[in-house]
J.: 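First the structure, then my questions, so here it is.
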Amino acid sequence: MQWLPTVARVVEFKANQPRWRQVYEIIKTRIASGEYKPGERIPSLVALIEEFGIANATGQKVMRALRADGLIHTEPGMGSFVTALEERDQPE
């Protein structure tokens with residue numbers, strides 16, 4: 001039986017930049033453009049891995065960077081959500 005990919009990947013990664021950084025920038029752009037709205041759940045780690053064809057560790061690094069920059073917050077058992085603009089500006 002021939003193996004067929006389940007998702008067509010349209011992202012071509014640049015060789016001169018880490019993949020996690022490129023995926024991070026794509027998600028950041030989706031948040032800035034309103035594709036992912038404040039309070040809305042973003043795709044799961046598994047969904048990111050499938051969409052971009054990246055390793056689990058790479059996907060985890062993307063999610064950590066998004067959280068560290070205050071773009072998303074994670075609610076255990078619920079998922080990761082886009083942080084409201086007013087919450088991003090608040091010092092911790």
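Scope of the values below: all heavy atoms of this structure, side chains included, with no hydrogens, waters or symmetry mates. Residue numbers count from 1 along this sequence.
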J.: For Arg41, which residues count as a side chain to side chain contact (heavy atoms under 4.5 Å, CB included) partner, sequence neighbours excluded?
T.: Phe81
J.: How far does OG1 of Thr58 sit from CZ of Arg19, to the nearest 0.5 angstrom?
T.: 8.0 Å
J.: Do Phe52 and Val62 make a side-chain contact, defined as non-hydrogen atoms from C-beta onward lying under 4.5 Å apart?
T.: no
J.: For residues 21-28, which side-chain N or O atoms pair as donor and acceptor with protein atoms under 3.5 Å away, sequence neighbours left out?
T.:
| residue | atom | partner | partner atom | Å |
| --- | --- | --- | --- | --- |
| Gln22 | OE1 | Lys14 | N | 2.8 |
| Gln22 | NE2 | Lys14 | O | 3.0 |
| Gln22 | NE2 | Gln17 | O | 2.6 |
| Tyr24 | OH | Asp69 | OD2 | 2.3 |

J.: Looking only at heavy atoms, which two atoms of Ala84 and Pro38 are closest? And how far apart?
T.: CA-CB, 3.9 Å
J.: Please identify each residue that fulfils side chain to side chain contact (heavy atoms under 4.5 Å, CB included) with Leu45, with sequence neighbours left out.
T.: Ile49, Asn56, Gln60, Met63
J.: Where is the tightest heavy-atom contact between Thr74 and Ser80, given as atom of each residue plus distance?
T.: OG1-OG, 2.8 Å
J.: Taking all non-hydrogen atoms of both residues into account, name the closest pair between Glu40 and Glu35 and its distance.
T.: OE2-O, 3.4 Å
J.: Any side-chain heavy atom of Ile31 sitting closer than 4.5 Å to one from Thr83?
T.: no
